[in-house]
Amino acid sequence: MEMDLAGFWVAVAVSLAALFWWWNDYWYALPFRLHPGSVKLPPGYMGIPFIGEMPAFLWYFKLLCRPDDFINAKRRKYGDGLGLYRTYLFGSPTIITCTPSATKMVLQDESSFSMSWNNVELVGATSLVAVEGPAHNRVRALVVRAVNQPDALRKITLMVQPRVLASLSSWSNRGRITAFKEAKKVTLASIGMYFASIESEDILETIDDLVTGVISGIRAIPINFPGTALHYALQCRRRAKAIFREELEKRSKFEASVAKNDLMEALMQMKDEEAIMWAVYYLAKYPEVVVKLREEHMLLCKKLGDLVTYEEIASCKYTTKVVEEIIRMANISAFIVRTAKKDVDYKGYRIPKGWKVACWLRYFQTNPEHFEDPMCFNPDRWNEAPKAGSYMVFGGGPRMCAGNMFARLQVAVLLHHLVLGYRWKLVNPNAGMTYLPHPNPADDVEIDITRI
Ligand code: HEM
């Protein structure tokens, strides 16, 4: 009798543990069980209540430092033909897409999938990254014209260089610098200069702090009350906007009407500092690439410190490949998120209305089926175009990065002056990697740098 009771309690405990372990799967699959039909949820595991698969996510990204195995493990367990997996991440039921066709289906269909902003007031409800449809097309065209087309790029090339030159010179005067920190200053100065002619280091530093404050609020709990992260982020946004307004009002000749409204948003989308940091990192690791770059840039016959033009930079074919390889390896946007506006069926599986969809971009660039030996830095792989749909660092569809040419140009301009004028080495060549919130060498790329 005692045995039976013990057995009963063990059975209850095991059942409760199983219910707990698969709670999200039971709960979110309930509508499908109640109305069995031809569609079902994509395969996957949604984890325990509220937490979902966050422990597995953190295990691969933070502890093992092998982020791509998060997807590899799913492919092994649930098969890989479909390219969709169900999960529960960051507090939401989520579908992961990790094949070109599934990702394209999501990114190109704005009528079914919308941008996901937790605290939309931080990015501005009417800003480029938040508006949709014709309003988005209109604002986007302005931003693209202002930062991503040849006329603008020609101006940007000349405008950013004095700052790049001054920064490199200050790096070598100090001898030892942290590339991530310094790259941030260079990119901020470039965009501040281009959009609003702001040159003062103090103002730029204040803006940097404020933009960091705003970004930190985007994922915060949406409670606006003194003391909360959202409240602080909103204050930062107001202060940053006030600075931009004041600076812009001082300059009557300023013509890019887009800047007044979208400067803040463009700053929040800028991820160039990471590309620049990775440029410094990979070139220190691959001196043979530096030699080839140097040869190419010497052919431009510039004296040290001369400005280079957009056409000259564009003529450097090897540099173009190096820049692309840096951006591929940097994997700056690991995934981008949408929300399903309605039930969407794909190959007999359902993405339910209201669920998040995480398009796992980094998996495209790190998948050996797309890029041979993907973790090896090899600019020559760009002798051939990548397989269609296999390269998505800048996203895709109508919201593809509006500053992708600006980003490439900024890295190429920096490379020009760096390889011609300086030599540098990593202080900690064996520094570990961190992958959250972004991939980063653990020491933020500390280097010793001198003039040639
Ligand atoms: C290597 C650096 C960069 C990377 C990897 C990158 C990546 C991306 C990605 C993946 C998206 C798509 C987001 C989505 O669909 O949810 C995006 C959007 C965007 N990016 Fe970039 N970006 C970079 C640099 C820049 C720069 C330098 C600028 C501005 C000068 C910029 C401006 C934008 C804007 C405005 C959008 C929103 C476009 C829209 O909603 O229509 N980005 N970026």
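Because the structure is a prediction, the values reported are computed rather than measured. Whatever order the structure lists ligands and atoms in, that order sets their numbers, starting from 1.
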> Is the Y422-W171 ring centre distance short of 6.0 angstrom?
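Y422 vs W171: aromatic centres not under 6.0 Å.
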> Applying a heavy-atom cut-off of 4.0 Å, say which part of V393 lies close to ligand 1: side chain, backbone, both or neither.
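Contact part for V393 vs ligand 1: backbone (N, CA, C, O).
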> Any chance NZ of K185 has more than 12 other-residue heavy atoms, nucleotides or ligands included, within less than 6.0 Å?
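Counting neighbours around NZ of K185, more than 12 heavy atoms of other residues, nucleotides or ligands fall under 6.0 Å, so yes.
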> Going by heavy atoms in the side chains, are Y60 and Y435 under 4.5 Å from each other?
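Contact flag for Y60/Y435 side chains = no.
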> Check this for me: E288, atom CD, are more than 12 non-hydrogen atoms of other residues, nucleotides or ligands nearer than 6.0 Å?
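Yes, the 6.0 Å shell around CD holds more than 12 heavy atoms from other groups.
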> Going through the checks in order, is the ring pair (Phe, Tyr, Trp, His ring centres under 6.0 Å) test met by F57 and F70?
CA-CA 7 Å; F57 175 84; F70 182 64; 5.8 Å; yes
> Quick one: look at M392 and ligand 1, take heavy-atom pairs under 4.0 Å, and tell me if it's side chain, backbone, both or neither.
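Looking at M392 and ligand 1, no heavy atom falls under 4.0 Å.
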> Has ligand 1 got any nitrogen or oxygen that is less than 3.5 angstrom from a nitrogen or oxygen of S333?
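N/O-N/O distance under 3.5 Å: no.
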> For A402, take its heavy atoms, then give the atoms of ligand 1 lying under 4.0 Å from any of them.
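Here the atoms of ligand 1 in question are 19 (C), 20 (N), 33 (C), 34 (C), 35 (C), 36 (C).
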> Give the atom numbers and elements of ligand 1 that come within less than 4.0 Å of a heavy atom of I332.
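Once the distances to I332 are compared, the set is 1 (C), 5 (C).
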> Can you sort out which atoms of ligand 1 are near V129, meaning under 4.0 Å from one of its heavy atoms?
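In order of numbering, the contacting atoms are 37 (C).
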> Can you tell me which portion of E274 lies within the under-4.0 Å heavy-atom range of ligand 1? Options are side chain, backbone, both, or neither.
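It is neither part, as no heavy atom is under 4.0 Å.
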> Ligand 1 versus F406, non-hydrogen atoms closer than 4.0 Å: side chain, backbone, both, neither?
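The answer is the side chain of F406.
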> Would you mind telling me if ligand 1 is within reach of the side chain of R140, the backbone, both or neither, using heavy atoms under 4.0 Å?
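It is the side chain that gets close, since no backbone atom is under 4.0 Å.
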> Can you tell whether the side chains of R75 and E369 come within less than 4.0 Å, N to carboxylate O?
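Between E369 and R75 there is a salt bridge, with a charged N closer than 4.0 Å to a carboxylate O.
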> Taking the non-hydrogen atoms of H136, is any one of them nearer than 4.0 angstrom to ligand 1?
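Contact check H136 vs ligand 1: positive.
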> Can you tell me if M115 has a non-hydrogen atom under 4.0 Å from ligand 1?
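For ligand 1, residue contact (heavy atoms, under 4.0 Å) with M115 is present.
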> Could you list the atoms of ligand 1 found under 4.0 angstrom from a heavy atom of L128?
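Checking each atom against L128, I get 35 (C), 41 (O).
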> Can you tell which of C401, A130, G397, A275 gets a heavy atom nearest to atom 18 (C) of ligand 1?
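Residue with the shortest heavy-atom distance to the ligand atom: C401.
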> Run the ring pair (Phe, Tyr, Trp, His ring centres under 6.0 Å) test on W424 and Y281 for me, step by step, so that the C-alpha distance in whole Å, both residues' side-chain angles and the decisive distance to 0.1 Å come before the verdict.
CA-CA 10 Å; W424 69 104; Y281 176 83; over 10 Å; no
> Assess whether salt bridge (Lys or Arg N to Asp or Glu O under 4.0 Å) is satisfied between R328 and E325, documenting all intermediate values.
CA-CA 5 Å; R328 181 189 74 85; E325 185 65 348; 2.9 Å; yes
> Check whether more than 12 heavy atoms from other residues, nucleotides or ligands sit under 6.0 Å from atom CD of E311, and answer yes or no.
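More than 12 within 6.0 Å, yes.
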